[in-house]
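In what follows, every chain begins at residue 1, and chains take the letters A, B, ... in the order their sequences are listed. Everything quoted here is computed from the prediction, not taken from an experiment.
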Amino acid sequence: MGEETMKLKQVAALTGGTLQGNPDIEISGIRAIEDAGETDVTFLTKKKYLDRLGKSKAAAVIVDKEIETDKAQIITPNPQLAFARLLTEFYPKTRPEAKVDPRAAIGQNVTFGDNVTVSPLVCIGDNVSIGDDCVFHPGVVIGEGCRIGDHTTLFANVTLYHNITLGKHVTLHAGVVIGGDGFGYTVDEKGQHYKIPQLGDVVIEDHVEVGANSCIDRGAMGTTLIKTGTKVDNLAQIAHNVTIGEHSIIVAQVGIAGSCTLGHHVVLGGQVGVTDHVNIGDQAMLAAKTGAFRDIESNGVYGGVPSLPMTAWRKAVTIFAKLPEIKKKIKEFEARLNAIEKKDSAS
Amino acid sequence: MGEETMKLKQVAALTGGTLQGNPDIEISGIRAIEDAGETDVTFLTKKKYLDRLGKSKAAAVIVDKEIETDKAQIITPNPQLAFARLLTEFYPKTRPEAKVDPRAAIGQNVTFGDNVTVSPLVCIGDNVSIGDDCVFHPGVVIGEGCRIGDHTTLFANVTLYHNITLGKHVTLHAGVVIGGDGFGYTVDEKGQHYKIPQLGDVVIEDHVEVGANSCIDRGAMGTTLIKTGTKVDNLAQIAHNVTIGEHSIIVAQVGIAGSCTLGHHVVLGGQVGVTDHVNIGDQAMLAAKTGAFRDIESNGVYGGVPSLPMTAWRKAVTIFAKLPEIKKKIKEFEARLNAIEKKDSAS
Amino acid sequence: MGEETMKLKQVAALTGGTLQGNPDIEISGIRAIEDAGETDVTFLTKKKYLDRLGKSKAAAVIVDKEIETDKAQIITPNPQLAFARLLTEFYPKTRPEAKVDPRAAIGQNVTFGDNVTVSPLVCIGDNVSIGDDCVFHPGVVIGEGCRIGDHTTLFANVTLYHNITLGKHVTLHAGVVIGGDGFGYTVDEKGQHYKIPQLGDVVIEDHVEVGANSCIDRGAMGTTLIKTGTKVDNLAQIAHNVTIGEHSIIVAQVGIAGSCTLGHHVVLGGQVGVTDHVNIGDQAMLAAKTGAFRDIESNGVYGGVPSLPMTAWRKAVTIFAKLPEIKKKIKEFEARLNAIEKKDSAS
């Protein structure tokens with residue numbers, strides 16, 4: 001990792017936190033509690049890890065409230081955020097040299113911003129425009145007419161079909177496919193599937209990150225739209241004409257069918273499925289493996305297939321596990337009712 | 001989109017429908033109700049959208065029965081099909097120039113049909129035969145001994161292992177992998193997994209389309225077979241020795257385990273899983289997220305994990321949500337029975 | 001398939017089994033019961049296929065106990081294992097010529113073992129070390145600083161990010177992505193997702209095989225670790241800082257969230273999901289589509305969402321299907337209780 005050092009007061013200043021302890025300690029790294037050495041800063045998110053801190057060699061600890069410790073401490077409302085920021089500072093991403101490798105295949109009328117890296121074995125179609133500071137890893141294929149904003153990174157073997165628009169600071173991980181045809185067919189007179197031409201496009205706004213081998217299809221006639229700041233994990237499927245609002249989180253292997261609309265700050269857990277034309281309100285959360293077959297209200301937390309409000313789902317699955325007892329009770333009650341009724345009719 | 005125009009009577013003729021209205025209106029495009037301009041044709045599938053049509057600028061509308069409107073109308077039994085056909089006509093797919101790019105790596109004894117496009121950075125193994133009018137996008141890798149029919153398109157970064165057979169008019173979207181080893185192991189004396197050599201192949205018949213990053217494994221000893229006209233969405237997994245019948249629909253993220261057989265016109269919804277050696281009859285439908293662990297009858301509609309007939313599943317999940325009420329009732333009945341029995345025994 | 005022949009006694013010797021029958025029969029192939037010809041050996045795993053054997057042309061059969069047959073027989077405790085070993089022997093994998101193709105892009109300070117194949121259009125970063133007998137298919141991208149053990153095969157379009165370690169006899173199928181960033185964010189003061197730098201790595205030990213288009217993310221700070229002999233199917237997702245023990249089986253489309261630990265000989269069925277920080281004990285098995293949201297004990301067999309012990313889950317789902325009957329009973333009991341209570345109070 002990094003080789004430079006920094007005084008603790010500088011570290012504290014970077015977090016915006018308050019420093020208690022020797023401001024002149026030299027800090028060389030940022031590490032987890034167990035791994036931290038004598039010149040490292042660490043962080044504490046949960047009180048229950050306090051004993052681990054005692055055993056840690058860390059020179060200083062980031063905390064949300066003052067604690068009893070013989071280490072220096074940096075007090076800041078969100079230690080995890082401070083920690084992430086310090087990691088970014090201490091271990092800056094390296095990037096390959098800015099140049100267009102001659103082994104890349106570049107189309108006609110391609111415009112490049114400043115400081116762009118085009119690796120060997122990249123293929124860029126005609127009429128593509130590329131912003132400043134972009135990095136394209138080997139095997140990237142960019143279709144005709146794409147527009148790519150500044151500071152955007154495409155990892156190896158990413159495919160953009162034609163006419164895709166990527167904003168600034170977009171990151172697409174290896175194997176991502178943007179703009180494949182939506183899955184749209186209609187049945188003809190012979191019972192065969194006739195393809196509905198997929199004539200739309202995909203727009204991915206700023207600061208979106210998409211995980212490895214995920215797929216985002218182009219709109220049938222309009223646009224598939226991923227708004228600013230949304231993060232998509234690996235192997236997710238986003239179908240044609242979906243809109244995902246700002247700052248949403250789409251965990252791995254989620255599938256979102258055609259024409260769904262998600263609000264902002266939505267969270268979909270791993271392997272969630274959403275059927276077509278479903279609307280999911282702002283800040284809604286769906287637990288892992290949920291099947292959302294109907295609209296989901298804003299701020300709701302849901303689980304299950306089909307989805308139920310989380311507390312209702314939790315209660316129901318708890319009883320589900322006890323269904324054999326319920327069945328037994330039913331049988332028992334039947335016998336007891338029969339006995340009572342027999343006695344009653346005899347009396 | 002398209003730049004040419006056509007008279008409305010020509011448009012009607014292309015659909016095979018009956019025209020009511022001015023046959024000589026010039027039509028320049030085909031668009032959704034909301035987007036259509038004054039020289040566009042649109043279509044109406046549901047009566048409830050009739051008021052939207054009133055507000056639409058469209059010059060003409062495709063309908064299945066005559067409606068009251070001041071617009072011209074084309075009457076045809078399947079407006080969506082007519083619409084799709086007109087889209088195909090008005091916005092024909094462009095294809096890259098037919099040539100073998102010198103930056104592609106071509107093996108020995110490769111035969112090319114007429115009018116083939118091999119993009120830069122394509123790699124074709126030895127003894128491959130390629131039909132007429134094929135298009136291979138950049139990054140495509142074709143293994144030794146593959147046979148590829150006419151009019152077949154492989155999008156960027158598709159991988160065909162060795163000895164794969166593709167029919168005519170096949171479309172494989174970006175990142176598709178055909179012919180990887182099936183997942184077959186047996187346990188040896190030390191409790192370690194010994195690989196069963198996967199010696200079979202894959203045959204994909206005519207007019208099959210496979211979505212981005214989907215995988216179809218080669219047979220262990222025989223063939224994994226996808227029959228004519230079947231459409232597979234993105235990120236689907238089709239294991240070794242599966243057979244899928246004609247004109248089936250496999251939605252995104254479906255997984256079909258080894259040696260399953262699907263009939264014709266089967267529909268598997270998103271994220272469906274089918275365990276190994278299961279047979280699914282003709283025209284069966286499985287709802288999204290179904291787990292099919294046993295054979296499914298022809299024409300059946302199923303849902304749930306494990307799968308139940310759709311109506312039974314719907315009833316059961318409705319009651320599932322009310323399990324807390326049932327539990328409460330059980331407790332109440334217990335108390336009431338106790339009270340009655342106590343009274344009875346006292347009397 | 002193979003062209004050479006072998007005497008039956010040699011075949012028997014390869015399996016370590018006991019031969020009954022003519023030791024000098026010439027054997028040319030190893031085939032399934034239905035496909036075997038007069039010079040082929042086949043195998044019988046289940047007694048119920050005995051009648052199929054009667055109709056088979058096979059010259060000899062591998063069995064676990066002596067059977068009545070007019071064919072020669074090889075008796076060995078594990079016929080499937082013997083069969084797999086014979087397949088490996090009779091149909092050895094061919095490999096492309098050992099050479100570094102000049103159309104590959106090779107970085108600085110790359111070290112090659114003996115007998116390595118680097119196909120056209122492979123890209124290898126700086127400071128990569130490669131063992132003996134490795135094969136890299138076209139489109140493979142290997143990031144800076146990777147270490148790759150002997151006898152390791154990377155199929156087409158595999159991506160290794162930087163600093164990935166692969167053991168010996170590792171096989172990664174087409175489109176696999178190793179070392180993409182883990183999905184780690186924290187929320188900043190504006191409610192936006194701030195990326196936690198993913199500074200760790202991935203270590204894949206010997207004899208691991210990973211199926212097409214699967215993804216294994218790099219650790220946030222430590223290592224994502226796949227231990228010796230584990231096999232992963234297609235389209236699986238393994239998140240940051242996961243550890244999978246030796247000789248485990250991860251079937252297609254499984255998703256394992258961050259920081260999970262799996263023991264040795266674990267089996268996860270297709271489409272299983274495991275939420276973050278869950279521990280799964282040695283030799284545990286999860287049925288297809290299970291959702292493991294809590295720790296799983298060693299040797300346990302589980303199913304359902306959330307997971308239940310298999311027998312409990314089976315009982316519960318059987319009753320789940322009968323919930324409408326239970327509901328009816330509840331209603332009936334209510335009426336009967338009302339009637340009894342009314343009568344009682346009247347008496």
Side-chain angles (χ1 to χ4, degrees), chain A residues 1 31-32 35 78 80-81 83-85 87-88 91 93 101 103 119-121 137-139 155-157 171 173-175 207 209 211-213 229-231 233-235 246-247 249 251-253 265 269-271 287-289 304-305 317 320-324 326-327 330 333-334 337 340-341 344, chain C residues 105 121-123 139 141 143 157 159 161 175 177 180-181 183-189 191-197 199 213-215 217 221-222 235-237 239 253 255 257 271 273 275 289 291 293 304-306 308 312-313 315-316 319-320 322-323 326 329-330 333 336-337 339-340 343-344:
Chain A
M1 292 190 178
R31 287 180 191 275
D35 304 328
N78 189 340
Q80 194 186 29
L81 177 61
F83 186 72
R85 282 182 170 148
L87 287 175
T88 311
Y91 311 107
K93 270 191 281 189
D101 191 281
R103 290 162 292 188
S119 302
L121 311 178
H137 287 261
F155 281 97
N157 292 320
T171 303
H173 282 282
H207 295 284
E209 185 160 3
N213 283 346
T230 283
K231 313 297 184 184
D233 200 350
N234 299 346
L235 290 165
E246 294 85 354
H247 309 299
I249 290 283
V251 179
Q253 296 177 317
H265 290 90
Q271 298 182 338
K289 279 193 171 289
V305 182
V317 294
F320 170 81
K322 294 175 185 160
L323 280 179
I326 287 177
K327 198 187 163 193
I330 297 277
F333 291 175
E334 179 111 66
L337 281 166
I340 295 166
E341 286 165 347
D344 278 11
Chain C
L121 312 178
V122 165
C123 192
V141 177
N157 293 320
T159 299
Y161 280 63
V177 177
D181 282 352
F183 196 65
Y185 302 90
T186 185
V187 177
D188 74 8
E189 300 85 354
Q192 298 176 3
H193 303 292
Y194 185 92
K195 184 176 176 79
I196 300 171
L199 304 166
N213 283 346
S214 285
C215 300
D217 284 348
M221 302 198 77
L235 291 166
Q237 153 67 359
Q253 297 177 318
Q271 299 183 337
T275 52
K289 280 193 170 290
F293 302 162
V305 182
L308 293 174
W313 180 70
K315 278 182 197 166
I319 303 170
F320 169 81
K322 293 174 185 162
L323 281 178
I326 288 178
K329 280 285 174 199
I330 298 278
F333 291 174
R336 287 166 73 181
L337 281 166
I340 294 166
K343 201 172 163 187
D344 278 11

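- Heavy atoms closer than 4.5 Å to chain A are found in the backbone of C:Ala236, but not in its side chain.
- If you measure heavy-atom distances from A:Leu337 to chain C, the contacts under 4.5 Å come from both the backbone and the side chain.
- Taking chain C as the reference chain and counting heavy-atom pairs below 4.5 Å, the highest number among A:Arg103, A:Glu209, A:His137 is found for A:Glu209.
- Between C:Phe320 and A:Phe320, the ring planes are perpendicular. Angles over 60° get that label, and only those under 30° would be called parallel.
- Within the 4.5 angstrom heavy-atom criterion, no atom of A:His207 approaches chain C.
- Residue contact with chain C, scored on non-hydrogen atoms closer than 4.5 Å, involves the backbone and the side chain of A:Glu334 alike.
- Contact check for A:Ile326 versus C:Ile319: no side-chain heavy atoms found under the 4.5 Å cut-off.
- Looking at A:Asn78, the atoms closer than 4.5 Å to chain C (heavy atoms on both sides) all sit in the side chain, from C-beta outward.
- Counting non-hydrogen atoms of neighbouring residues, nucleotides and ligands closer than 6.0 angstrom, the NZ atom of C:Lys195 exceeds 12 such neighbours.
- Residue contact with chain C, scored on non-hydrogen atoms closer than 4.5 Å, involves the backbone and the side chain of A:Leu81 alike.
- For A:Lys289, the part lying near chain C is the side chain, with the backbone staying farther off; criterion is any non-hydrogen pair under 4.5 Å.
- With a 4.5 Å cut-off on non-hydrogen atoms, A:Gln271 touches chain C through its side chain but not through its backbone.
- In this structure, C:Val122 and A:Leu121 have side chains that are not in contact, with every pair of non-hydrogen atoms separated by 4.5 Å or more.
- Residues A:Val251 and C:Phe183 meet the side-chain proximity criterion, which asks for heavy atoms closer than 4.5 Å.
- The two atoms that bring C:Gly175 and A:Asn213 nearest to each other are O-ND2, 3.1 Å, heavy atoms only.
- Proximity to chain C involves both the backbone and the side chain of A:Ile330, based on heavy atoms less than 4.5 angstrom apart.
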